[in-house]
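Notes for the one structure printed next.
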There are 2 protein chains.
Amino acid sequence: MASLTEENYLKSIHSLMEKSSSAPVTTNDLSAAMKIKAASVTDMLKKLSAKKLIHYKKYQGVLLTHTGKLLAISIIRKHRLWELFLTEKLKFSWDQVHEMAEELEHVSSQQLIERLDAFLGHPKFDPHGDPIPDHNGKMADYKFFNLSSLTINEKGKVATVIEQQPSFLKHLNKLNIKVGTTIKVLDRVDFDKSLTISVGSSSLFSISNEIAKNILVSK
Amino acid sequence: MASLTEENYLKSIHSLMEKSSSAPVTTNDLSAAMKIKAASVTDMLKKLSAKKLIHYKKYQGVLLTHTGKLLAISIIRKHRLWELFLTEKLKFSWDQVHEMAEELEHVSSQQLIERLDAFLGHPKFDPHGDPIPDHNGKMADYKFFNLSSLTINEKGKVATVIEQQPSFLKHLNKLNIKVGTTIKVLDRVDFDKSLTISVGSSSLFSISNEIAKNILVSK
DNA sequence: ATATTTTTTTAGGTTACTCTAAATTTATTT
DNA sequence: AAATAAATTTAGAGTAACCTAAAAAAATAT
Ligand SMILES: [Mn+2]
Ligand SMILES: [Mn+2]
Ligand SMILES: [Mn+2]
Ligand SMILES: [Mn+2]
């Protein structure tokens with residue numbers, strides 16, 4: 001139905017819509033996110049519009065149609081299930097799996113993905129703490145708190161990370177921070193909002209606000 | 001390095017070379033096998049030749065170069081490992097896995113395939129009894145016997161099937177014949193070479209020579 | 001309300017892969 | 001050894017997905 005390229009556009013539009021709380025996504029946003037020139041993006045928007053996967057009016061940005069959204073979510077489902085397969089079964093670490101999942105998510109068999117889901121025990125979250133949509137597209141919708149917003153002596157359990165570049169994830173590995181880790185905020189420096197935290201039951205160190213802002217916790 | 005399309009051509013050339021015991025593969029052979037018009041095949045042959053993946057002289061057919069052969073075998077390795085994953089872990093039957101593996105074999109990560117190999121326990125054969133090349137391209141090379149060539153009262157263990165269309169595999173499912181099954185030839189009709197066989201320890205029935213010719217056994 | 005800047009679209013091209021129709025080469029028959 | 005048939009290549013074209021440069025529209029600043 002949709003080509004690999006079209007699938008990538010839909011996924012990108014979906015993720016930009018989430019970041020902008022469903023406001024129209026602009027051509028330039030897509031161009032920047034996908035590293036494809038704006039003129040090329042315009043071409044593809046016309047095509048996706050003709051296929052009724054997006055709502056598109058010249059100069060007005062785009063929104064996913066119902067069909068487009070379902071398709072986007074089904075690709076995200078595949079991406080996250082494959083990521084979990086790679087960490088759980090093949091023992092890759094969370095900083096290695098994204099790129100491979102970018103390819104695996106385009107494997108078309110619906111049956112394959114349902115079997116994979118069962119094989120993994122119908123998981124609810126991927127290795128980065130992102131929710132895995134079920135086969136109807138529904139996904140867990142918890143509200144998490146930014147680590148940087150916790151008060152002194154407050155504890156949180158790492159739920160998700162916002163920034164997911166391998167370099168950031170590898171840094172968290174060094175700090176022993178992963179999904180599920182309990183973090184307690186012990187102190188905050190007024191000047192730069194850096195935090196002194198304890199991780200798990202052992203170590204105690206300081207992290208910048210830049211890092212804290214990219215970690216979401218449940219209380 | 002090589003595109004999905006190029007990979008499919010190399011795989012096709014490899015399999016035709018095996019069938020013709022390494023004689024040059026013709027443009028028309030490829031055209032028929034890949035269901036792509038001969039003119040298009042010629043275009044691609046020029047391209048693969050420029051990349052030194054095949055030996056190609058106008059009108060003279062093609063052979064894989066050393067590099068081309070290594071690449072073809074690495075794709076076959078991926079194909080067969082994914083097929084085994086699908087049967088062993090996701091519980092698909094041998095008649096369902098080929099199509100999915102046709103897509104999965106193009107996922108590029110070398111690391112992924114090495115981990116998958118380990119996860120499956122470094123298997124030697126795929127669900128159809130075909131040998132899985134190891135990471136250096138070496139594969140088991142047993143000599144098997146055609147079921148149709150067994151003498152009366154001779155036994156064999158099913159090792160591979162030649163024809164691998166889903167329809168044929170499903171028929172074998174019905175007959176309870178799979179890789180590993182022991183078959184004993186009890187009688188042969190002179191007129192049409194059809195065989196009366198016993199399968200495993202139970203059933204006893206007749207199969208046509210057409211079917212027998214597509215089953216290879218070890219003695 | 002104009003002028004300037006920024007964003008987006010259009011116009012015209014390129015590459016990868018496919019096609020049909022015509023030309024050429026090789027193989028087979030007579 | 002021609003003549004005919006079959007296989008292969010060339011020529012010309014189309015679609016998908018990209019690009020740069022120029023034009024047009026929208027947003028911002030004066
Ligand atoms: Mn990812
Ligand atoms: Mn993820
Ligand atoms: Mn197969
Ligand atoms: Mn196989």
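Per chain, numbering begins at 1; letters A, B, ... match sequence-line order.
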Exercise. Measure centre to centre between the rings of A/Phe92 and A/Phe85, then say whether the value is under 6.0 Å.
Key: no
List the atom pairs, with distances to 0.1 Å, where a side-chain N or O of residues 134-145 of chain A and a protein N or O form a donor-acceptor pair under 3.5 Å, not counting sequence neighbours.
residue  : atom : partner  : partner atom : Å
A/Asp134 : OD1  : A/Asn136 : N            : 2.7
A/Asp134 : OD1  : A/Gly137 : N            : 3.0
A/Asp134 : OD1  : A/Lys138 : N            : 3.0

Quiz item: Using a cut-off of less than 4.0 Å, is there contact between a side-chain N or O of A/Tyr56 and OP1 or OP2 of C/dT9?
Solution: yes
Quiz item: So, for A/Ser148 and A/Leu195, which heavy atoms are closest and what is the spacing to 0.1 Å?
Solution: CA-CD1, 4.3 Å
Self-check item: D/dA7 phosphate, OP1 or OP2, under 4.0 Å from B/Lys58 side-chain N/O
Solution: no
Self-check item: Protein-nucleotide distance (A/Lys46, atom NZ; C/dT8, atom C1'), rounded to Å
Solution: 11 Å
Quiz item: Nearest-Å distance, CG (B/Leu4) to C1' (D/dA16)?
Solution: 15 Å
Quiz item: What integer distance in Å separates A/Lys57:NZ from C/dT8:P?
Solution: 17 Å
Quiz item: Does A/Tyr9 place a side-chain N or O at less than 4.0 Å from the phosphate oxygens OP1/OP2 of D/dC18?
Solution: yes
Practice problem: Kindly assign one of parallel, tilted or perpendicular to the pair A/His79 and A/His98, based on the angle between their ring planes and the thresholds 30° and 60°. | Solution: tilted
Quiz item: Any side-chain N or O of A/Thr42 less than 4.0 Å from the OP1 or OP2 oxygen of C/dT9?
Solution: yes
Quiz item: For residues 20-37 of chain B, which residues have at least one heavy atom under 4.0 Å from DNA chain D?
Solution: B/Thr26, B/Thr27, B/Asn28
Quiz prompt | Flag side-chain contact, heavy atom, 4.5 Å: A/Val62 against A/Leu30 | solution = yes
Practice problem: For the side chain of A/Asp43, starting at C-beta, report the closest nucleotide among C/dC19, C/dT20, D/dC19. | Solution: D/dC19
Practice problem: Take atom CG of A/Leu45 and atom C1' of C/dT7, then tell me their distance rounded to the nearest Å. | Solution: 13 Å
Self-check item: Toward the 5' end of DNA chain D, by each residue's nearest nucleotide, A/Ser3 or B/Ser40
Solution: B/Ser40
Quiz item: With respect to the side chain of A/Tyr59, which nucleotide from D/dT20, D/dA25, C/dT18 is positioned closest?
Solution: D/dA25
Quiz item: In terms of side-chain heavy atoms of B/Gln60, which of C/dT9, C/dT26, D/dT9 is nearest?
Solution: C/dT26
Quiz item: Does the pair B/Ile113 and B/Trp82 meet the rule for a side chain to side chain contact (heavy atoms under 4.5 Å, CB included), with working shown?
Solution: CA-CA 9 Å; B/Ile113 213 66; B/Trp82 279 117; 3.8 Å; yes
Quiz item: Counting only N and O atoms by type, is there a donor-acceptor contact under 3.5 Å from the side chain of B/Lys52 to the main-chain atoms of B/Thr65?
Solution: no
